[in-house]
S.K.: 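Attaching a single structure in structure tokens format; questions to follow.
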Number of protein chains: 2
Amino acid sequence: MSDTQDRFERLHVSPAYQMVAEAIEREIVSGRILPGEPIGTESELVRQFGVNRSTVREGIRVLEQNGLISRNSSRRLFACAPHHNRLASRMSRALVLQEVTFRELYETAMVLELAAVEQAAERATKKNIAELSENVAKSERVMDDPARIAELNSEFHALVAKASQNRVLQLAREPAGLLFFPTTEVICQKVAEGAVRIVEANRMMLKAIREGDKKAALLWMRRQVDDWRKGFERTGKRLDQAVDKSYLRAATR
Amino acid sequence: MSDTQDRFERLHVSPAYQMVAEAIEREIVSGRILPGEPIGTESELVRQFGVNRSTVREGIRVLEQNGLISRNSSRRLFACAPHHNRLASRMSRALVLQEVTFRELYETAMVLELAAVEQAAERATKKNIAELSENVAKSERVMDDPARIAELNSEFHALVAKASQNRVLQLAREPAGLLFFPTTEVICQKVAEGAVRIVEANRMMLKAIREGDKKAALLWMRRQVDDWRKGFERTGKRLDQAVDKSYLRAATR
DNA sequence: TCCGCTAACTTTGTCGGACAAACGTCGAGA
DNA sequence: TCTCGACGTTTGTCCGACAAAGTTAGCGGA
């Protein structure tokens, strides 16, 4: 047998559940099924694909995880355009499992946050500014609650990215942001003036964004991220240490 | 019945398949199961969790999509630290379905590629430089094949990001990169000197990285991304147009 | 003794059928 | 007209089964 020349290369057969997933995925990605449209019941899919319900259900799990389909309150299936935030927490988890260091996080956050605030100063809408204002106002009311400050600061930066009107940038900064900003809690606990400086910087960034003053916006963002590094080092940790798994809880909700 | 005060809030019961997935996820994320370690057979999991095999299999699909477990050649399950590349293509798809514009892509790519090349100039290892050199050499041999040039250029930028030794930055640029660089194919087809300028810029970036010359590295990167925009506009498309679904094929492989 | 081959055994992918709980619907009664 | 309950539908889960592919053990030959 083995003396005959191989004429054909092995053909790889996808499992049926994967073909089900891919078939539905194609319909959604191509736009033939629009976000919000129902996919049909499981039995319906069983009938259409001619496979068993268990098989259909495995395919559904795949698509659900990819954010391409979802179940509404009544558990019926419908298509949805995956919002990147859903995927960002997965990426954060990947980063932690890869044991990335705080330095990697810091350097990347610096680049992305600067870009975000610069574009925000250029394009923020009234609504964006209102959201940022409310965030700053809330922060000013909880200056002595490090957890709350960290949470609001995280939200502030997400809002800045949103104000940039650049969804690609929003996506790019999200995974790092999810890991980076929760660390400000520890810093606020250890460094007395931590919270004050954070909220001051945010207030100044808001002002700069409102006035369209890119220079000032960049200045205060840089100052805040720099502050983060100084504060971080003052808590006794080193930048080249890996980001702890404990930050995942905050990042993955 | 309804006149009695609500004493308890509705308790939300997760489906069994989800609990299976979460239980295994916890073990991996916490480090009690290390990447590469086997998870056990389906029957084994059936025995441990006391649920049906169909239920276990649905849980497995969830984890597989999250990149936390995988099947090796013999289809046995084992844990793995999700490599972000796996997730990046899903993010690219999310971006396309959100109909992000080429402008968003361009602006973000500019920021991220500049940061990547700057850090690469600072930290590239011999191995990184060898990889980059080989990439440039390959490109020089296929100057008249736009598809191949686009592919190699995409790889070049991925290698630059790798040379930055910053995995968070690598992750952040990947989704945009997957969509951005395939577009160079069309540009090379329409703009005569396109391929020449791309390869020249890459050659100069390689030189700058080898010499640790950040300034030059930044200059050539900026020039290449600027070139992209000019070339893009010369093909008759507008920056504010949404990224086409057709680019997904290249991005999701 | 060591190596290769065959025959079990195991595991995965798929199937058919089944049932309880939750949900939606629709008609009867207030 | 509005409310409520019976009914059918759908989902989540279970059981049992089988073919195909992979793995292991044992056997025979060199």
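Computed from heavy atoms alone, side chains included, the values below leave out hydrogens, waters and symmetry copies. Bear in mind the structure is a predicted one, so any value in this text is a computation, not a measurement. Chain letters run A, B, ... following the sequence lines, proteins first and then strands; every chain starts at 1.
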S.K.: Is the closest side-chain heavy-atom distance between A/I33 and A/I39 below 4.5 Å?
M.R.: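 SC-SC contact between A/I33 and A/I39 confirmed.
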S.K.: Looking at residues at least two apart in the chain, or sitting in another chain, which of them share a side chain to side chain contact (heavy atoms under 4.5 Å, CB included) with A/A158?
M.R.: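 A/A158 satisfies side chain to side chain contact (heavy atoms under 4.5 Å, CB included) with A/R173 only.
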S.K.: Do A/L68 and A/I24 have side chains that approach each other closer than 4.5 Å (heavy atoms only, starting at C-beta)?
M.R.: no
S.K.: Quick one: are B/S154 and B/E151 in side-chain contact, heavy atoms under 4.5 Å?
M.R.: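 Contact flag for B/S154/B/E151 side chains = no.
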S.K.: Out of curiosity, A/S133 OG to A/N202 CG, how far, rounded to the nearest 0.5 Å?
M.R.: 11.5 Å
S.K.: Flag the pair A/R61 and A/E58 as a salt bridge only when some basic side-chain nitrogen lies within less than 4.0 angstrom of an acidic carboxylate oxygen.
M.R.: no
S.K.: Apply side chain to side chain contact (heavy atoms under 4.5 Å, CB included) to the pair B/F156 and B/L132, showing each step before the final yes or no.
M.R.: CA-CA 6 Å; B/F156 182 86; B/L132 287 165; 3.6 Å; yes
S.K.: Could you check how far CD1 of A/I69 sits from P of D/dT11, rounded to whole Å?
M.R.: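 Checked: the CD1 to P distance equals 11 Å.
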S.K.: So, using side chain to side chain contact (heavy atoms under 4.5 Å, CB included) as the criterion, who are the partners of A/E134 when residues are at least two apart?
M.R.: A/K138
S.K.: Not counting sequence neighbours, which residues clear ring pair (Phe, Tyr, Trp, His ring centres under 6.0 Å) with A/F49? List them please.
M.R.: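 For A/F49 there are no ring pair (Phe, Tyr, Trp, His ring centres under 6.0 Å) partners, ignoring immediate neighbours.
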S.K.: Using atom CD of B/E44 as one end and atom P of C/dT10 as the other, report the distance to the nearest whole Å.
M.R.: 13 Å
S.K.: Identify all pairs in which a protein N or O lies below 3.5 Å from an N or O of nucleotides 15-20 of chain D, and state each distance.
M.R.:
from   : atom 1 : to    : atom 2 : distance (Å)
D/dA17 : N6     : B/R53 : NH2    : 3.4

S.K.: Five pairs at each end of the helix from C/dT1-D/dA30 to C/dA30-D/dT1: take the axis at both ends and give me the angle between them to 10°.
M.R.: 10°
S.K.: Applying ring pair (Phe, Tyr, Trp, His ring centres under 6.0 Å), can you list everything that pairs with A/Y17, at least two apart in sequence or on another chain?
M.R.: none
S.K.: Can you list everything that forms a ring pair (Phe, Tyr, Trp, His ring centres under 6.0 Å) with B/F181? Sequence neighbours excluded, please.
M.R.: B/H157
S.K.: Tell me which pairs pass side chain to side chain donor-acceptor pair (under 3.5 Å) where either residue lies in residues 175-185 of chain B, with sequence neighbours left out.
M.R.: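 Passing the test, one end in residues 175-185 of chain B: B/T183-B/W228.
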S.K.: Whole angstroms only, please: what is the CZ-P distance between B/R47 and C/dT10?
M.R.: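 The answer, rounded to whole Å, is 15 Å.
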S.K.: Identify, residue by residue, the members of residues 14-22 of chain A with a heavy atom below 4.0 Å from DNA chain C, and return them in order of residue number, or none.
M.R.: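 Residues of residues 14-22 of chain A that come under 4.0 Å of DNA chain C are, in numerical order, A/P15, A/A16, A/Y17.
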S.K.: Answer whether the closest heavy-atom distance between the side chains of A/L169 and B/E107 falls below 4.5 Å.
M.R.: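 No; the side chains remain at least 4.5 Å from each other.
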S.K.: Please enumerate all residues that pass side chain to side chain contact (heavy atoms under 4.5 Å, CB included) together with A/K126, with sequence neighbours excluded.
M.R.: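 Listed in chain order: nothing, the list is empty.
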S.K.: What is the distance from CZ of B/F49 to C1' of D/dC14, rounded to the nearest Å?
M.R.: 17 Å
S.K.: Report the distance from atom CG of B/L45 to atom C1' of C/dT12, rounded to the nearest whole Å.
M.R.: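 Whole-Å distance recorded here is 13 Å.
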S.K.: Please give me every residue in residues 34-42 of chain A whose heavy atoms get under 4.0 Å of an atom in DNA chain D, ordered by residue number.
M.R.: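 Listed by number, they are A/T41, A/E42.
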S.K.: Taking the side chain as everything from C-beta on, heavy atoms only, tell me whether A/Q170 gets closer than 4.5 Å to A/K162.
M.R.: yes
S.K.: Could you list by number each residue of residues 55-65 of chain B showing a heavy-atom separation from DNA chain D of less than 4.0 Å, or answer none if no residue does?
M.R.: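 Output list: B/T55.
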S.K.: In whole Å, I'd like the distance from the CG atom of B/L77 to the P atom of C/dT12.
M.R.: 6 Å
S.K.: Can B/E42 and B/R71 be counted as an ion pair, charged N to O under 4.0 angstrom?
M.R.: yes
